[in-house]
Amino acid sequence: MLQITYLREHRLSALEGLKKRGLPDAEQLIDQALDLDQQRREVQAKADALRAQSNAESKKIGELMKAGQTNQANDLRAKVGNLKHELKKLEEDLARCEEELRLHLYKIPNIPAQAVPAGRSADDNLNVYQHGSIPNLPKGALPHWELIKKYDIIDFEVGNKITGAGFPVYKDKGARLQRALISFFLDEAEKAGYKEIMPPLLVNEASGYGTGQLPDKEGQMYCVTADQLYLIPTAEVPITNLYRDVILNEADLPVKNVGYTPCFRREAGSWGAHVRGLNRLHQFDKVEIVQIRKPGESYQALDEMCAHVQSLLEKLELPYRKMLLCGGDMGFNATLTYDMEVYAAAQQRWLEVSSVSNFETYQANRMKLRYRSAEGKIQLLHTLNGSALALPRVVAALLENNQDENGIRIPDVLVPYTGFNRID
RNA sequence: AGAGGAGUGGCAGAGUGGUUGAUUGCACCGGUCUUGAAAACCGGCAGCCCUUCACGGGGCUCGGGGGUUCGAAUCCCUCCUCCUCUGCCA
């Protein structure tokens with residue numbers, strides 16, 4: 001959620017930024033927020049003044065009672081009683097104003113950073129870096145959804161039976177490969193200075209609001225209605241919410257956390273062509289890195305996180321490209337996002353395996369995540385996160401790119417984790 | 001899940017209706033003293049919102065929400081969390 005004080009002071013640059021997202025009603029959104037804010041402040045000023053009066057009179061009643069001047073105390077008591085009616089109405093107005101403003105601010109997405117190109121869709125994203133060569137596959141090369149059947153390592157049918165579409169069952173070397181990738185990603189992150197966190201997989205409503213999945217993406221999360229809990233769509237939610245309502249000391253920074261979790265996404269309405277096999281699932285595994293940074297350092301941290309993700313892809317020998325997302329394709333909460341896409345040679349498609357974003361203060365403002373500087377000044381922090389990495393599409397590309405007539409080669413770096421160097 | 005107890009500032013711990021946003025101790029920060037350090041002493045030390053160019057002024061918050069009252073940390077209701085006992089369970 002944007003800070004209203006920011007909008008008050010930087011209306012024009014906010015507007016300019018939001019236009020890069022292609023928001024047709026950006027001006028209206030901002031001006032309405034400013035109006036609501038103006039109303040709120042007026043009502044609060046009145047309510048505060050009235051309350052100040054009533055507090056002062058009440059104090060006097062106490063003094064009169066102590067002095068034994070009961071009659072005067074009773075007169076005053078009646079007078080203050082009348083103030084209360086007036087105050088009650090103002091309090092209701094104030095609560096309504098605050099609520100309206102809050103709900104309105106939830107509707108305004110984050111302001112894209114300077115570097116973000118304007119654009120409508122993924123077609124307008126900028127390819128800023130590319131690495132590795134596109135493999136030449138043998139004749140008769142198969143897409144991963146055929147390979148997993150051929151070698152019997154991932155089973156969608158039995159997943160359909162026990163749960164439903166999009167919940168595959170990993171078997172044998174397929175299961176082992178999942179575990180190997182998770183361990184590899186966690187070990188690499190720890191080498192890069194991240195602290196491992198194993199969080200709950202269900203979160204409450206407040207956490208959903210903290211990182212911005214609620215109210216915006218309510219329909220995309222699985223909800224356990226009996227207890228009003230949500231299955232996490234990403235480890236970002238619990239790991240960032242660790243710091244909800246927290247004031248960190250400057251010495252505690254930067255925070256660098258990593259966590260492996262399964263992720264659960266309803267993916268309502270997003271099924272179509274191109275989502276076969278592992279390309280899109282309701283449950284998948286992901287290792288997520290999260291950083292919490294002082295405002296001045298967050299873009300440097302973003303670069304550092306990208307470099308980490310890129311090093312993983314290079315170690316796995318996967319060809320990839322780094323995309324700078326345009327305003328229209330960027331998530332609601334982010335100011336700047338890089339997507340990493342690997343090339344899956346049998347499908348002949350680039351698949352997004354990581355999304356690395358800076359949220360600046362957007363999440364921190366919702367979460368009241370702040371730090372106290374050495375001089376004692378308190379201010380909001382910047383939050384960042386990135387997938388490092390999401391497994392299914394990495395597996396898809398590994399299977400497709402490393403296939404030959406007799407099987408699939410496992411990249412050297414994974415062999416110590418899998419205990420085998422081929423799937424056949 | 002049932003019964004009982006409890007939740008106060010970074011921590012510990014007072015406070016059961018009236019200038020108490022809160023005694024005190026520890027921790028922390030600044031200062032005096034000291035060659036330096038410790039000790040001692042002095043001072044500071046919650047967050048948010050409104051208002052003011054500023055100095056300052058005002059409001060809200062004692063787990064969350066609601067209520068009683070002129071006035072609530074203190075009384076009532078409700079939810080959450082923790083502890084003890086019983087039950088259940090990997």
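Every chain is numbered from 1 and lettered A, B, ... according to where its sequence line falls, protein lines coming before strand lines. Values below: every heavy atom of this structure, side chains too, minus hydrogens, waters and symmetry copies.
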**Message:** Could you tell me how far B:U23 sits from B:A3 if I compare only their C1' atoms? Round to whole Å.
**Reply:** 36 Å
**Asked** Between A:Arg40 (CZ) and B:U51 (C1'), how many Å, whole number?
**Response** 12 Å
**Request:** Identify, between A:Asp37 and A:Ser54, the residue whose nearest nucleotide on RNA chain B lies closer to the 5' end.
**Result:** A:Asp37
**Request:** With P as the reference atom in both, quote the distance from B:C77 to B:G4 in angstrom, rounded to an integer.
**Result:** 13 Å
**Request:** May I ask you to evaluate whether A:Arg372 reaches the phosphate of B:A46, defined as a side-chain N or O under 4.0 Å from OP1 or OP2?
**Result:** no
**Asked** Does A:Ser183 reach the main-chain N or O of A:Ala180 with its side chain, forming a donor-acceptor pair under 3.5 Å?
**Response** no
**Message:** Work out how far the C1' atom of B:U19 is from that of B:G36, and round it to whole angstrom.
**Reply:** 47 Å
**Asked** Would A:Tyr338 and A:Met305 count as a side-chain contact (heavy atoms from CB on, under 4.5 Å) if you check the C-alpha gap in whole Å, the side-chain angles of each, and the deciding distance to 0.1 Å?
**Response** CA-CA 10 Å; A:Tyr338 290 105; A:Met305 291 166 78; over 6 Å; no
**Item:** Watson-Crick or G-U counterpart of B:C85, or none if no pair lies under 3.5 Å
**Value:** B:G2
**Prompt:** B:C85 and B:A90: how far apart are their C1' atoms, nearest whole angstrom?
**Reply:** 22 Å
**Message:** Below the 4.0 Å mark, does B:C49 have OP1 or OP2 next to a side-chain nitrogen or oxygen of A:Arg41?
**Reply:** no
**For atom CD1 of A:Ile247 and atom P of B:G10, their distance in whole Å** = 8 Å
**Item:** From A:Ile232, A:Leu214, A:Leu231, residue fulfilling side-chain contact (heavy atoms from CB on, under 4.5 Å) relative to A:Val203
**Value:** A:Ile232
**Prompt:** Heavy atoms, side chains only, cut-off 4.5 Å: are A:Arg244 and A:Lys368 in contact?
**Reply:** no
**Request:** Using atom CD of A:Glu91 as one end and atom C1' of B:C49 as the other, report the distance to the nearest whole Å.
**Result:** 14 Å
**Request:** For nucleotides B:G65 and B:C53, find the distance between their C1' atoms and express it as a whole number of Å.
**Result:** 40 Å
**Message:** Please name the nucleotide paired to B:G7 by Watson-Crick or G-U wobble geometry with both distances under 3.5 Å, or report none.
**Reply:** B:C80
**Asked** Looking only at N and O atoms, is any donor in the side chain of A:Glu57 or the base of B:C70 less than 3.5 Å from an acceptor on the other one?
**Response** no
**Prompt:** Under 3.5 Å, is there a donor-acceptor pair between the side chain of A:Asn110 and the main chain of A:Asn333?
**Reply:** yes
**Asked** Which nucleotide, in any strand shown, forms a Watson-Crick or G-U wobble pair with B:A39, with both distances under 3.5 Å?
**Response** none
**Request:** Assess whether one donor atom and one acceptor atom, taken from the side chain of A:Asp48 and the base of B:G59, lie less than 3.5 Å apart.
**Result:** no
**Prompt:** What is the distance from CG of A:Leu50 to C1' of B:G71, rounded to the nearest Å?
**Reply:** 15 Å
**Fill in**
Checking B:C48, B:C50, B:G71 against the side chain of A:Arg8 (C-beta onward), the nearest is B:C50
**Asked** Side chain of A:Arg370: nearest nucleotide among B:G58, B:C70, B:G47?
**Response** B:G47
**Request:** Just name whichever nucleotide pairs with B:U34, Watson-Crick or G-U, keeping both distances under 3.5 Å, else none.
**Result:** none
**Request:** Please report, rounded to the nearest Å, how far the C1' atom of B:U19 is from the CE atom of A:Met65.
**Result:** 15 Å
**Message:** I need the CD1-P distance between A:Ile61 and B:G17, as an integer number of Å.
**Reply:** 18 Å
**Prompt:** Counting any heavy atom closer than 4.0 Å, what does A:Leu76 reach on the DNA or RNA strands: base, sugar-phosphate only, or nothing?
**Reply:** nothing
**Under 4.0 angstrom between A:Asn55 side-chain N/O and B:U19 OP1 or OP2** = no
**Prompt:** B:C70 phosphate, OP1 or OP2: any side-chain N/O from A:Asn74 under 4.0 angstrom?
**Reply:** no
**Asked** Do A:Lys88 and A:Glu91 sit within salt-bridge range, that is, some charged N less than 4.0 Å from a carboxylate O?
**Response** no
**Pairwise C1' distance for B:G31 and B:C45, with rounding to whole Å** = 15 Å
**Request:** Please give the nucleotide sitting opposite B:C53 as a Watson-Crick or G-U wobble pair, both distances under 3.5 Å, or none.
**Result:** none
**Complement of B:C60, any strand, by Watson-Crick or G-U distances under 3.5 angstrom** = B:G47
**Request:** Considering only atom C1', compute the distance from B:C62 to B:G13 and round it to an integer number of Å.
**Result:** 14 Å
**Message:** So, applying side-chain contact (heavy atoms from CB on, under 4.5 Å) with A:Tyr170, which one of A:Ile154, A:Leu177, A:Asp155 is it?
**Reply:** A:Ile154
**Prompt:** Considering only heavy atoms from C-beta outward, does the side chain of A:Leu325 approach that of A:Val116 to under 4.5 Å?
**Reply:** no
**Of the listed nucleotides B:G47, B:C60, B:G71, the one nearest the side chain of A:Ile378** = B:G47
**Message:** Taking B:U61 as the reference, what is the distance to B:G66 when you measure between their C1' atoms (whole Å, please)?
**Reply:** 16 Å
**Asked** If you check the A:Lys59 side chain, which of B:U19, B:G47, B:C70 turns out closest?
**Response** B:U19
**Asked** CG of A:Asn204 versus C1' of B:G64: gap in Å, rounded?
**Response** 12 Å
**Item:** Distance in angstrom units between A:Asp245 CG and B:U81 C1', rounded
**Value:** 15 Å
